[in-house]
Structures are given as C-alpha cells and as structure tokens.
Student: 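First the structure, which I've put down as structure tokens, then a few questions once you've had a look.
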Protein chains: 2
Amino acid sequence: MRRLQIATIRELARLSGVSVATVSRVLNDYADVSPTTRARVLEVARELDYTPSAAARTLVMQRSQVIGVVLQTGEGHPDLQHPFFQEVLVGLKHRLGAGGYDLLLFATENPGNGFSEHSFARRARHHRVDGLVVMGVDPADPEVQKLLRSSIPLVAVDAEVVGRRSGYVISDNQGGARLAVRHLRECGHERIAIVTGMLSTRPGADRLLGYRAELEALGVPYRDDYVQEGDFYFDSGYRGMRALLALPEPPTAVFAAGDLMAAGAVRAVEEHGLSVPDDVALVGFDDIQLAAMMQPSLTTIRQDKTGLGATAGEALLRMLEQVDAAPPTTSLPVELVVRESSRVRSSRRARKQRDLEVTGA
Amino acid sequence: MRRLQIATIRELARLSGVSVATVSRVLNDYADVSPTTRARVLEVARELDYTPSAAARTLVMQRSQVIGVVLQTGEGHPDLQHPFFQEVLVGLKHRLGAGGYDLLLFATENPGNGFSEHSFARRARHHRVDGLVVMGVDPADPEVQKLLRSSIPLVAVDAEVVGRRSGYVISDNQGGARLAVRHLRECGHERIAIVTGMLSTRPGADRLLGYRAELEALGVPYRDDYVQEGDFYFDSGYRGMRALLALPEPPTAVFAAGDLMAAGAVRAVEEHGLSVPDDVALVGFDDIQLAAMMQPSLTTIRQDKTGLGATAGEALLRMLEQVDAAPPTTSLPVELVVRESSRVRSSRRARKQRDLEVTGA
DNA sequence: TTGTAAGCGTTATCAG
DNA sequence: CTGATAACGCTTACAA
C-alpha cells in the first residue's frame with residue numbers, strides 16, 4: 001500500500017490510461033474533458049493520494065502560492081517573542097490559508113543556499129513568494145527598502161510603508177492614545193505621564209503624539225518630565241515608572257504605550273509600596289492576553305490584532321488577484337477596555353465576575 | 001538598474017561567457033573550476049544579485065530545504081495562541097535557520113491546490129518538505145498517524161510519538177510535577193491539590209502522575225476531590241480553583257499544571273477574598289513570560305522552551321544528514337523557579353528587587 | 001475531447 | 001577544466 005516514491009502526474013496518467021495533459025486538465029478543472037475521463041482520473045488520483053508538486057508548479061506557473069512573513073521586533077529582542085505579533089500571525093494565517101496560500105517564515109539566519117548573506121529580498125526571490133507581509137520592521141531599514149522596490153506585493157503591519165506595490169495596515173495609534181488620556185482625565189487625574197514605545201517606530205511615535213494632542217485638547221499642561229522613553233518591553237516600563245515615581249511631583253496616572261510596559265510599571269509601583277490603581281492609575285495599549293490576566297487587571301486600548309492580520313491577508317489577496325489593485329493604507333479602530341488598573345478600587349468582593357472574557361475559551 | 005525578470009542561471013552564464021553547467025559548479029563550490037572562471041562568474045552573480053530558484057532546485061534535487069511546522073493546540077483554542085508554542089518556535093527557527101532551512105507554517109485551512117481537503121501529509125508531499133516538526137498534537141490523531149507512516153523525518157515537541165523516522169523532544173513533566181509538590185510540602189503544606197492539563201495529552205497525564213507519585217513519596221494521602229481537570233487555559237484554572245475553594249476542606253496549596261491556569265487560579269482566589277500566597281500557595285508549570293510579570297509573581301516549573309525548539313531542530317538536522325540516525329527520544333530537564341506565589345508573604349518593601357530577570361531585555 | 005511537445009530553472013552525467 | 005544535454009513534474013499552446 002505504502003509507496004516509496006511520491007506519485008507523479010505521469011504515473012497518474014499511465015494508470016488512468018490518458019495523457020498527462022488530460023490529467024492536468026482534470027486536476028485544474030478545465031471544462032473540455034469528458035465526464036468519464038474526468039471521473040476515472042479523479043478516482044485514480046484518490047487511490048494514489050496524489051498531490052501535485054509545488055516545486056514543478058511554481059516553476060512553470062511562475063508563482064508559488066506562498067506568502068513570505070518577515071518578523072523583526074528589533075533591538076535584540078528575540079523575534080516572535082512579542083505576544084502582539086503572535087496574534088497578528090493567527091489572523092494572517094487564517095485569512096491567507098483560506099485563500100489557498102501557505103506561509104513561509106523568514107528566519108533571520110543564513111539562506112538555504114550557502115551562497116550569500118541573508119537578505120529578505122533575495123530570499124523572497126529564491127522562494128518566488130507571491131507576496132510578503134512584514135511586521136515590526138523599521139521602514140527605513142535598507143532591507144525593507146529593498147523589498148519595497150522589488151515588485152512583490154507587500155503589506156506591512158504596524159509600519160507605514162508605501163510603494164507602488166506595497167501598503168500597510170495599522171491601528172489608530174493616535175486615537176487610541178487619546179482615548180487613554182481622556183479616560184485617565186475622566187477618572188479625575190491631572191498629573192498624567194507617559195511611558196512611550198520606541199519612538200523610531202510608527203506606533204511608538206503616534207502614541208506619544210496622541211498623548212500630547214489629547215492633553216492639549218483637555219487643557220492639561222504638558223510637561224517634559226512626564227515623558228519616559230521605553231521600548232515596548234517589560235523592563236523599560238519598570239524603569240520608566242521608577243523614574244516617574246522619583247520625581248518631586250510624581251504623576252497620579254500613567255499611560256504606558258504597551259501592555260508589557262504597563263506590567264513593568266505595576267511592578268515598580270508595588271515595589272514602591274504604592275498600589276494600582278489607588279495611588280497610580282494605569283492604562284496600557286494592545287490588550288494582549290496578559291492584560292486581562294494580571295492582578296490588577298489592566299485597563300488598556302485594545303487593538304484588533306487578529307483583525308490586523310486578517311486585514312493584511314485580505315489586502316494581499318486583493319493585490320494578488322488584480323495587479324492594479326491599490327495597496328492598502330488601512331487604519332483599524334481601537335477601543336478602550338476598562339479594567340481594574342484605572343478604577344477607584346472597590347472592595348475585593350465587588351470585583352467578582354468581571355473580566356471573564358479573558359481567553360476566549 | 002532594476003530588472004523586471006528574475007535573473008536565471010542562463011542569463012548569468014551568458015553574461016559570464018560560460019555554460020550553465022560551469023555556473024552551477026561555481027555556485028555549488030565544486031573544486032574543478034579554474035580560479036579565473038570562478039571569479040568572473042561570482043562577480044557577475046553579485047552584479048545581478050542572482051539567487052537560484054528554490055523551485056527548480058527542489059525539483060531536480062528532490063529536496064526543498066524547507067521544514068514544515070504543524071501547530072495544533074486543539075480544543076478550538078486558536079492555534080499559535082498558546083505562548084508556550086511561540087517560544088518553542090523561536091528556538092526552532094534559530095536552529096533550523098542556521099542549518100540553512102526555512103520554515104513553512106502549515107495553516108489549517110485549504111491547501112494551495114483546490115483539489116482536496118487539507119491533510120498535513122498531503123501538504124508535506126506537496127511542498128516536498130524535508131522534515132516536519134509537530135507541536136501540540138494528539139499522537140492518536142489520524143492525521144498525525146499518517147505523518148508518522150510517511151517516510152519524512154519528524155520530530156514532535158511535547159508529545160511522545162515514535163516511528164521509524166520520527167521521534168520526540170519533551171520536558172520532564174513527571175519530574176517537574178514532583179518538584180512542584182515537594183516544594184509546596186516544604187513550604188509546610190499538607191493539603192495540596194492539583195488542577196491538571198488535558199489528560200489526553202502527554203504533559204497533562206504526566207504531570208498528574210508526578211503529582212501522585214510525589215504525594216506518595218512524601219507520605220501525604222491522595223484525595224480524589226483535590227484533583228480538578230483543566231485544559232491548560234486560563235478559564236479552566238479559574239473554574240478549577242473555584243471548585244477547590246468550595247470544598248468543605250479546601251486545599252492550602254495548589255499545583256496548577258500550566259501557568260495560564262495558575263493565573264486563572266489566582267483570580268479565583270482573590271475573588272474569594274483570599275490571597276496568594278497567604279491563604280493559598282500556588283505553583284504553575286511552563287514559566288511563560290506572564291509568570292514573572294504577574295502580581296504576585298508565579299512560582300513555577302520552568303521548561304526550557306527555546307531549548308525544546310532548538311533540540312528538536314538539532315535532532316531533525318541530524319536525521320536529515322544521516323538517513324540512519326536514530327530518531328530522538330529526548331527528555332529535557334526542568335527547574336523550579338521560586339517566586340512570590342508560594343512564599344510566606346513578606347512586607348511589601350522586602351519584595352523589592354526580586355525577579356527582575358523577566359524579559360531578558 | 002485528447003495527445004504531443006516545448007518549456008520553467010536547476011543539477012548531474014557524459015564527453016571532450 | 002568545460003560544454004551539451006537529459007532529467008525533475010508540471011502547464012499550455014498547438015495539433016489531431
């Protein structure tokens with residue numbers, strides 16, 4: 001029963017008593033095949049558990065049905081590590097998978113061929129990927145620029161790149177930051193600080209922009225010492241918060257431009273002998289799984305992470321189908337999710353039954 | 001400067017004034033090429049930014065330099081969602097990437113060809129992947145069985161599968177569970193309960209086994225009502241803990257067989273008006289990022305997640321190089337990481353400066 | 001409705 | 001040392 005060699009179209013043809021051309025027609029659903037022939041070929045194909053060779057098909061069709069995914073969280077933080085991207089990947093995988101595409105994860109190490117240094121553009125050509133999704137990249141990165149110049153359709157998530165064949169999908173970071181600040185203000189705070197993300201990234205810069213814009217709109221004076229630059233990761237949130245607490249007039253509320261940093265901030269506050277939200281109210285950004293599971297649970301700006309992935313996939317699919325489709329420049333709305341870290345703390349008992357949407361299980 | 005068509009070996013040959021055969025030799029580092037010729041070809045290749053076509057090479061070499069990664073966390077929980085697998089993926093990516101392999105993520109949707117229902121075995125053949133890594137699968141799954149029978153080298157992470165060409169890499173789950181229980185006992189607890197993972201999975205079953213074994217070794221009587229079956233996710237931990245707290249004689253310590261469940265348990269304890277670790281001590285399993293960032297931070301059994309990935313990659317590489325290499329059956333050690341959830345609570349101030357290894361940043 | 005044959009971009013076998 | 005040339009498995013004119 002088990003076959004050593006993978007069945008080829010030739011074998012299928014032989015066993016069905018027709019030519020390979022006919023088999024190909026059947027497999028690709030061409031109209032001009034007699035019903036009998038079609039049935040017979042299909043039957044044999046089933047028996048053989050036949051699958052066409054992707055390599056052969058790619059070679060002749062000049063397309064691979066594969067999308068390359070470039071992940072780069074930069075700064076020496078291991079790729080893939082940030083929970084945000086993981087969730088985006090889920091959305092991407094589902095949408096693109098449904099469209100008949102597979103995902104090739106671009107590793108940062110050497111390419112398959114010993115021939116040259118790794119280069120995303122080169123590897124994209126090597127595998128003849130039909131499209132590219134890049135996440136967490138710096139648009140100024142020469143590697144990325146190279147990708148943009150190549151004629152491969154590309155969609156960036158969370159980075160504003162533009163090119164003839166490349167667009168982006170991003171969350172409304174400014175709007176989200178404004179929501180966060182307004183919420184904090186509505187909770188009665190006036191001394192509202194921020195721990196930013198990497199300012200070299202679009203989300204990092206935009207969230208700071210939104211913070212400033214909303215302060216101004218609310219008539220709350222902006223102060224330089226209330227801005228701590230972080231990098232989206234836990235430790236920078238911890239450090240930023242410590243610095244803020246050391247101020248002569250520490251803030252009573254902090255907007256951390258990422259949930260991981262917010263978690264770090266909570267740690268700093270508690271170590272300082274203070275409590276969240278009693279002494280310091282906190283709002284994060286992203287709504288990663290952690291946010292709902294923390295104690296206290298974290299008020300945050302929810303990004304539709306799988307939505308970003310799905311939207312990126314969708315856009316890519318469109319660009320693949322129609323060569324002249326305009327690259328996307330989509331901004332997805334975000335929403336404020338109020339949890340414990342920004343509320344006046346009620347009695348322990350009263351907290352019961354809240355935030356149980358947690359894992360979606 | 002920009003070229004529309006991807007450069008082929010033929011073009012390279014033409015421009016270098018040699019035959020394609022010679023170019024191929026140069027590119028593949030054959031010895032029998034004159035230094036001058038080699039230099040010239042390499043020079044032109046650089047100018048053209050030439051990359052060989054993976055498809056063509058796969059076709060003729062009958063190998064793709066691609067490893068398929070099958071992710072399946074089952075139970076309707078979205079794939080990829082569990083942080084554990086994400087970290088394994090990092091290790092895998094690095095090791096395999098260094099070995100010159102790329103990773104193809106097997107999406108759960110339709111295959112590239114409209115031809116048939118998705119089947120991992122079929123897709124593996126379709127892409128002619130050289131090897132397979134499967135994670136979070138049920139070894140009894142017919143799909144998985146099919147993969148095992150195929151002659152493609154396969155390494156499973158966290159599932160004990162065996163086959164002529166397939167092995168596994170797993171953590172010492174029993175040992176880890178024993179460590180957890182012993183630690184709890186050493187903290188002075190006698191009423192030690194467990195919230196298990198899915199018992200249909202190897203880790204789920206083994207951790208329960210370890211729990212029982214250690215109780216017995218310690219002379220602590222086992223009681224059925226102290227065993228709550230969970231599924232590794234937050235909500236089941238929450239529910240399990242509630243059930244335990246509702247017992248006439250609730251436990252004073254709980255071993256949650258996964259960190260996510262431990263987080264759920266913390267939530268339940270606090271909602272009950274009790275505190276961790278004062279009223280209930282808690283130990284988790286995995287040491288996902290969340291564990292160190294929670295409040296209180298979570299004592300847990302650390303799995304070497306990237307190590308699992310790297311080891312799996314390593315083993316696969318070995319199997320690919322030598323056809324007769326024995327499939328791995330590796331068990332990786334785990335370690336107890338003591339944090340706040342299992343300690344007698346000291347004053348707030350005293351907690352300062354602990355657990356700051358958090359993100360590795 | 002079906003078959004023949006020419007590629008797709010490589011590698012590998014033979015001759016030279 | 002180098003060059004023709006035959007595969008590899010498939011799609012697609014072009015013929016029949």
Side-chain angles (χ1 to χ4, degrees), chain A residues 3 5-42 45 48 50-65 111-115 122 125-130, chain B residues 3-42 45 48-66 111-115 122 125-128 130:
Chain A
R3 36 196 334 87
Q5 271 302 348
I6 295 180
T8 73
I9 198 177
R10 197 130 41 215
E11 190 177 359
L12 218 187
R14 194 170 52 73
L15 262 41
S16 324
V18 295
S19 73
V20 294
T22 301
V23 171
S24 179
R25 289 188 190 103
V26 171
L27 262 25
N28 292 289
D29 267 327
Y30 279 52
D32 53 354
V33 185
S34 88
T36 10
T37 312
R38 176 184 304 278
R40 186 150 29 94
V41 171
L42 250 25
L48 253 44
Y50 170 82
T51 319
S53 150
R57 197 175 254 181
T58 298
L59 198 55
V60 59
M61 306 271 288
Q62 299 290 57
R63 60 203 312 275
S64 61
Q65 295 287 99
N113 181 330
F115 181 45
R122 184 185 231 93
R125 266 163 22 227
H126 178 65
H127 288 287
R128 222 189 194 314
V129 298
D130 296 337
Chain B
R3 35 196 333 89
L4 290 145
Q5 271 302 348
I6 294 180
T8 73
I9 198 176
R10 198 131 38 216
E11 191 176 355
L12 218 187
R14 196 172 51 74
L15 263 43
S16 325
V18 294
S19 73
V20 294
T22 300
V23 172
S24 179
R25 289 189 190 100
V26 171
L27 262 24
N28 292 289
D29 266 329
Y30 277 52
D32 53 354
V33 185
S34 88
T36 11
T37 312
R38 174 184 306 280
R40 184 150 30 93
V41 171
L42 251 25
L48 253 44
D49 198 19
Y50 168 82
T51 320
S53 150
R57 197 176 257 179
T58 298
L59 199 55
V60 58
M61 305 271 286
Q62 300 289 59
R63 59 202 312 278
S64 61
Q65 295 287 97
V66 168
N113 181 331
F115 180 45
R122 185 189 231 89
R125 261 153 38 218
H126 178 64
H127 288 286
R128 223 191 191 310
D130 297 337

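Note on naming: letters A, B, ... go to the chains in the order of the sequence lines (proteins, then strands), and numbering restarts at 1 for each one.
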Student: Starting from P on dC10(D), measure out to CG on L59(A) and report it in whole angstrom.
Tutor: 12 Å
Student: Check whether any side-chain heavy atom of T37(A) sits under 4.5 Å from a side-chain heavy atom of R25(A), and report yes or no.
Tutor: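 With C-beta onward as the side chain, the pair stays apart.
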Student: For residues T51(A) and R125(B), is any side-chain donor paired with an opposing acceptor at under 3.5 Å?
Tutor: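 A donor-acceptor contact under 3.5 Å links the two side chains.
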Student: Between R57(A) and dG9(D), is there a side-chain N or O to OP1/OP2 distance below 4.0 Å?
Tutor: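 No, because none of the side-chain N or O atoms of R57(A) sits under 4.0 Å from OP1 or OP2 of dG9(D).
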Student: Between A21(A) and P35(A), name the one whose nearest nucleotide on DNA chain C is closer to the 5' end.
Tutor: P35(A)
Student: Side chain of T8(B), heavy atoms from C-beta onward: which of dT11(C), dC1(D), dT10(C) has the nearest atom to it?
Tutor: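 Of the options given, the side chain of T8(B) lies nearest dT10(C).
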Student: Starting at atom CZ of R128(B), determine the distance to atom P of dC8(D), rounded to an integer number of angstrom.
Tutor: 12 Å
Student: Is there a side-chain contact between T22(B) and the phosphate of dT2(D), meaning an N or O under 4.0 Å from OP1 or OP2?
Tutor: no
Student: Would you say dT10(C) has OP1 or OP2 under 4.0 Å from some side-chain N or O of Y50(B)?
Tutor: yes
Student: So does Q62(A) get a side-chain nitrogen or oxygen closer than 4.0 Å to the phosphate oxygens (OP1/OP2) of dG7(C)?
Tutor: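 No, outside the criterion.
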Student: Measure CD/E11(B) against C1'/dT10(C) and give the value in whole Å, please.
Tutor: 15 Å
Student: Taking NE2 from H126(B) and C1' from dC10(D), how many angstroms apart are they, rounded to a whole number?
Tutor: 12 Å
Student: What about R25(B): does its side chain form a donor-acceptor pair under 3.5 Å with the base of dG3(D)?
Tutor: yes
Student: Give a yes/no on whether any side-chain N or O of Y30(B) is located under 4.0 angstrom from OP1 or OP2 of dT13(C).
Tutor: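 Answer is no, no contact under 4.0 Å.
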Student: Between A56(B) and V18(B), which has a closest nucleotide on DNA chain D that is more 5'?
Tutor: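 Residue closer to the 5' terminus by nearest nucleotide: V18(B).
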Student: For the residue pair L12(A) and L27(A), establish whether any side-chain heavy-atom pair is separated by less than 4.5 Å.
Tutor: yes
Student: To the nearest angstrom, how far is I9(A) atom CD1 from dC10(D) atom P?
Tutor: 5 Å
Student: To the nearest Å, how far apart are H127(A) NE2 and dC8(C) P?
Tutor: 22 Å
Student: Report which part of the nucleic acid V33(B) touches: base, sugar-phosphate, or nothing (heavy-atom distance under 4.0 Å, all strands).
Tutor: sugar-phosphate
Student: DNA chain C: R38(A) or M61(A), which has the more 5' nearest nucleotide?
Tutor: R38(A)
Student: From the set dC10(D), dT11(C), dG9(C), return the single nucleotide nearest to any side-chain atom of S53(B).
Tutor: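 Among the listed nucleotides, the one closest to the side chain of S53(B) is dG9(C).
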Student: Could you give the CZ-to-P distance, from R63(B) to dC8(D), as a whole number of Å?
Tutor: 18 Å
Student: Would you say H126(A) and S53(B) make side-chain contact, with heavy atoms under 4.5 Å?
Tutor: no
Student: Which nucleotide sits closest to the side chain of R10(B): dG9(D), dT2(D), dG9(C)?
Tutor: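 Among dG9(D), dT2(D), dG9(C), the one nearest the side chain of R10(B) is dG9(C).
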Student: Report which part of the nucleic acid T37(B) touches: base, sugar-phosphate, or nothing (heavy-atom distance under 4.0 Å, all strands).
Tutor: sugar-phosphate
Student: Round to a whole Å and report the spacing from CG of D32(B) to P of dA12(C).
Tutor: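 Interatomic distance, CG of D32(B) to P of dA12(C): 12 Å.
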Student: For S24(A) and dT11(D), is the shortest distance between a side-chain N/O and OP1 or OP2 below 4.0 Å?
Tutor: yes
Student: State whether the side chain of S16(A) and the backbone N or O of V18(A) hold a donor-acceptor pair below 3.5 Å, judged by distance alone.
Tutor: no
Student: Does D32(B) come within less than 4.0 Å of R38(B), counting only side-chain N to carboxylate O?
Tutor: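 Not counted as a salt bridge, because no side-chain N and carboxylate O are separated by less than 4.0 Å.
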